[in-house]
Amino acid sequence: MTAAYAILFYAATLILIIGLVVKIRQYAMTPAPLKIPTTPAPTTKQGVVLRMAREVLLFQSLFRANKWIWLFGWMFHVALVLVLARHLRYFTEPVWNWVVLIQPFGIYAAFAFVVGLVALWIRRIAVERIRYITGPSDHLMLLILLGIAGSGLGMKYVAKTDIVAVKAFILGLLYFDWQPLPADPAVLIHLGLVALLMIVFPFSKLLHAPGVFFSPTRNQVDNPREIRYAPDATSNAAPGE
Amino acid sequence: MDDFTLPGLKEPVEIPKIDQGAMAHSQPFSAAPDHQIALGFPGELVDDWHDKAIAKFGEILDSQRALKVYMDACVKCGACTDKCHYFLGTGDPKNMPVARQDLMRKIFRRYFTWAGKWLPWLVGAKDLTRDVLDEWYSYFHQCSQCRRCSVYCPYGIDTAEFSMAAREIMDHIGMGQKYCNEIIGKVHDIGNNLGLPEKALGATLEDLEEDLEDETGIAVRLPLNEKGADILLITPSADFFAEPHVDGLMGYAKVFHQAGVSWTLSSKASEAANFAMFIGSHDQMGKIAERIRDAAMELGVKRIIVGECGHAWRVAYNFWDTLVGPFDFLDPNYPIPQHICEFTYDLIQKGELTFDKSANDHITPTFHDSCNVSRASRMGDMPGGQFKIPRDIIKACCNNFVDMADDTIHENTFCCGGGGGLLTDDLLELRAKGASPRMGAYDQVVKDHGVTHLVAICAICKTQFSKIMPMYGFAMDDIVGVHQLVSNALILDGQETNEENNGETVDE
Ligand code: SF4
Ligand code: SF4
């Protein structure tokens, strides 16, 4: 089991990294032949950075579109960040100070994560329009995420796992010095689904994460009369122009 | 003609229940072989359309980052599902922006992604069949490329980019749309969308000069092909004779006259519209823009000003310089290009125009922000100048002004229902239904504030509303242009009017 999971994680990490690098390269190398910012748009680069920050950190456009989707979506994403940060304690020895400090928030966040996801799933089923645009992969994604959350919370509150051993396993992976993985079902499910998520990331709608930074309607400066926009293959490598 | 029922007038708009296939029958007439071939497209559906379509699709994906990113990025959050006026007006779920994108995305997945190749059922990947193609033809001609969806999408996904690309692919396999492709042909052959030749144009302008003289007692000129003029005016050809457009043209002429600048129209570039944008052809778009650059050089002008036209302003503002620039032969002290509203606004700011506002007292106007001006371009120095400038002009020449509900103006504006190359009678049902959100918001201010007129700065909006407003119980001439109001109220300086005067140029 230990070997299987160790190999699984190495493979998942490789697929995730290589997949993302390939995708991001594709986005970056594809030319943006014309200026198409959705206006009103910032007229300076700094302005674009701020616009992008508002999109990425606050989901500004989504907020304007639909308060419920925004609420649950934002809650779920912020919770995800906190939960991930909390998990750093399994990757660091000694654990970084700030990671120690946020531990309690990470726990609350796990519940917010579940609430957000469940609410989004209910909307997906209950709201006719969203049901119409939902496909099997969208349900599957929610299932994976909730499976991860459920098994994680299960380990903490229901069937406590030998978390010290799990940490040893993870550190072992990092330092190429494999340690045995406790064969609890919750641990195996949790880690298995995480690996699955890493593997599907570069092939799925999770690509919205890198994608948003390359969205021409959001990352272009509205200055076509001030500076001639004349993209060519090379000048196009960087987003933001 | 009315064999369909219009949705009622509602504000705030009601989100309709899903009505599968409600608009599946809506298709524009297809382009005749001649019109296709004239633009370098196959005359009719080619035998190997499937492979050709996929090849073209791949080419577009590799050359347009927007599409490349947007194919992957959509998370099916549903935020855009109630944002399209065509969905709101028809209830057809395929008119929800994300569903419209999915018509293309399912093909993308099948042919260009690993998941779609091996697990098509999981990710909704589909083969490109004749049925799918027909569905494209139907629903990508139910998108006015208004970009309202892109305002609300958390990733800025712009469905207009999809329908442009889909139309480009369809053109390349011989499935063009009559209205757009015929018009593009006319621009190349004659110089404008209406097919108005130079002689007729000259005669029309002379008639208008007479009208202006009758009205004002002053010889206000509408010069054509005048070499050495400072300003070339590029305006939609509807301005030359259609109502209410022509009143706007007279407004521009009066403003130019009052400003004392020398200006001219060009018969070669007697059209601001660039329908190539609607069919997603950068190639054609460049060719159409090129003749404007050529005309400007031949006439030796120093500035180019663009008349009231929405998509033309997008093309001029955002694309001209990239496609056919640089315009370094023009005077860099002025914006290149400049919008007629910017020009008039500057004069108002400098106190150079005198208005008799009471001339518009019979009008209580509200302003319809045109999509391509609001969400795809700008006026003035500040983001959002495109909202402020036309409103300030209206307020300068009218005593009464009322805005419609906030979620229906500025960048939230609703399309008139006829943009994006859909302004044709074979799509009348779609146009009428798609106008319902705008009509609802208008109706509200009519009832609450006694609004009498809808003001627009777009030839397509003006034409669409004069056709559609009567269907909703308003009068055909309740739609007016900004420069029509300017024209009503502007008081000309009688004294220094002289046709020969244009040698002595007073630059603003
Ligand atoms: S708002 Fe954007 S991400 Fe959400 S469903 Fe619509 S296109 Fe997809
Ligand atoms: S661009 Fe406009 S017409 Fe097209 S799908 Fe989006 S909202 Fe609808």
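Order of the sequence lines fixes the chain letters, A, B, ..., with proteins taken first and strands second; residue numbering starts at 1 for each chain. Everything quoted here is computed from the prediction, not taken from an experiment.
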So, taking the atom named [atom1] in [X] and the one named [atom2] in [Y], what distance separates them when rounded to the nearest 0.5 Å?
X	Y	atom1	atom2	answer
A/Phe203	B/Leu119	CZ	CG	11.0 Å
A/Phe59	B/Tyr155	CZ	OH	6.5 Å
B/Lys83	A/Asn66	NZ	CG	6.0 Å
B/Cys74	A/Lys205	SG	NZ	8.0 Å

Let me know if [X] has heavy atoms under 4.5 Å from chain A in its side chain, its backbone, both or neither.
X	answer
B/Ile336	backbone
B/His410	neither
B/Lys68	both
B/Met71	neither
B/Thr81	both
B/Ala376	backbone
B/Cys153	backbone
B/Arg109	neither
B/Phe327	neither
B/Leu61	backbone
B/Pro337	both

Checklist entry - If you count heavy-atom pairs under 4.5 Å between each of A/Pro42, A/Gly211, A/Pro37, A/Ser204 and chain B, which one has the most? => result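 So the answer, after comparing A/Pro42, A/Gly211, A/Pro37, A/Ser204, is A/Pro37.
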Item to check | chain B contacts, top residue of A/Ile130, A/Leu207, A/Ile133 (heavy-atom pairs, under 4.5 Å) | outcome: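 Top option by heavy-atom pairs under 4.5 Å: A/Ile133.
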Which of the residues [options] is involved in the greatest number of heavy-atom pairs with chain A at under 4.5 angstrom?
options	result
B/Gly385, B/Ala160, B/Ala79	B/Ala79
B/Pro326, B/Gly78, B/Cys80	B/Pro326
B/Gly124, B/Ser377, B/Ala115, B/Ala99	B/Ser377

Determine whether a donor-acceptor pair (N or O, by modelled atom type, separation under 3.5 Å) exists between the side chain of [X] and the backbone of [Y].
X	Y	value
B/Arg65	A/Tyr27	yes
A/Thr30	B/Asp62	no
A/Thr39	B/Arg375	yes
A/Arg225	B/Pro335	no

Side chains of [X] and [Y], heavy atoms from C-beta outward: is any pair under 4.5 Å?
X	Y	value
A/Thr38	B/Asp158	no
B/Thr322	A/Pro231	yes
B/Lys76	A/Tyr132	no
B/Phe87	A/Arg129	yes
B/Asn318	A/Ile36	no
B/Trp114	A/Pro202	no
A/Ser61	B/Val151	no
B/Arg147	A/Thr217	yes

Specify the closest pair of heavy atoms between [X] and [Y], including all atoms of both residues, with the distance to one decimal.
X	Y	result
A/Thr43	B/Asp381	CG2-O, 4.3 Å
B/Trp121	A/Pro136	O-CG, 3.4 Å
A/Pro40	B/Gly384	CB-N, 3.7 Å
B/Tyr152	A/Arg218	N-NH2, 4.4 Å
A/Asp222	B/Arg378	OD2-NE, 2.8 Å
A/Arg124	B/Val75	NH2-O, 3.3 Å

Using a cut-off of 6.0 Å, state whether more than 12 heavy atoms not belonging to [X] lie near its atom [atom1].
X	atom1	value
A/Trp121	CH2	yes
B/Asp406	CG	no
B/Lys17	NZ	no
B/Tyr111	OH	yes
A/Arg131	CZ	yes
B/Phe329	CZ	yes

Item to check | Candidate pair B/Asn412 and A/Arg64, rule side chain to side chain donor-acceptor pair (under 3.5 Å), full reasoning | outcome: CA-CA 10 Å; B/Asn412 305 315; A/Arg64 298 176 53 180; 3.1 Å; yes
Please state whether the side chain, the backbone, both or neither of [X] comes within less than 4.5 Å of a heavy atom of chain B.
X	result
A/Glu128	both
A/Thr134	neither
A/Ile69	side chain
A/Glu226	side chain
A/Leu140	side chain

Checklist entry - Less than 4.0 Å between a side-chain N and a carboxylate O, is that true for B/Asp72 and A/Lys23? => result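 Judged by the 4.0 Å cut-off on N to carboxylate O distance, A/Lys23 and B/Asp72 do form a salt bridge.
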Next on the checklist: Quick one, B/Cys77 with A/Leu62, criterion side-chain contact (heavy atoms from CB on, under 4.5 Å). Give me CA distance, side-chain angles, the key distance, then yes/no.
Outcome noted: CA-CA 9 Å; B/Cys77 70; A/Leu62 186 58; 4.3 Å; yes
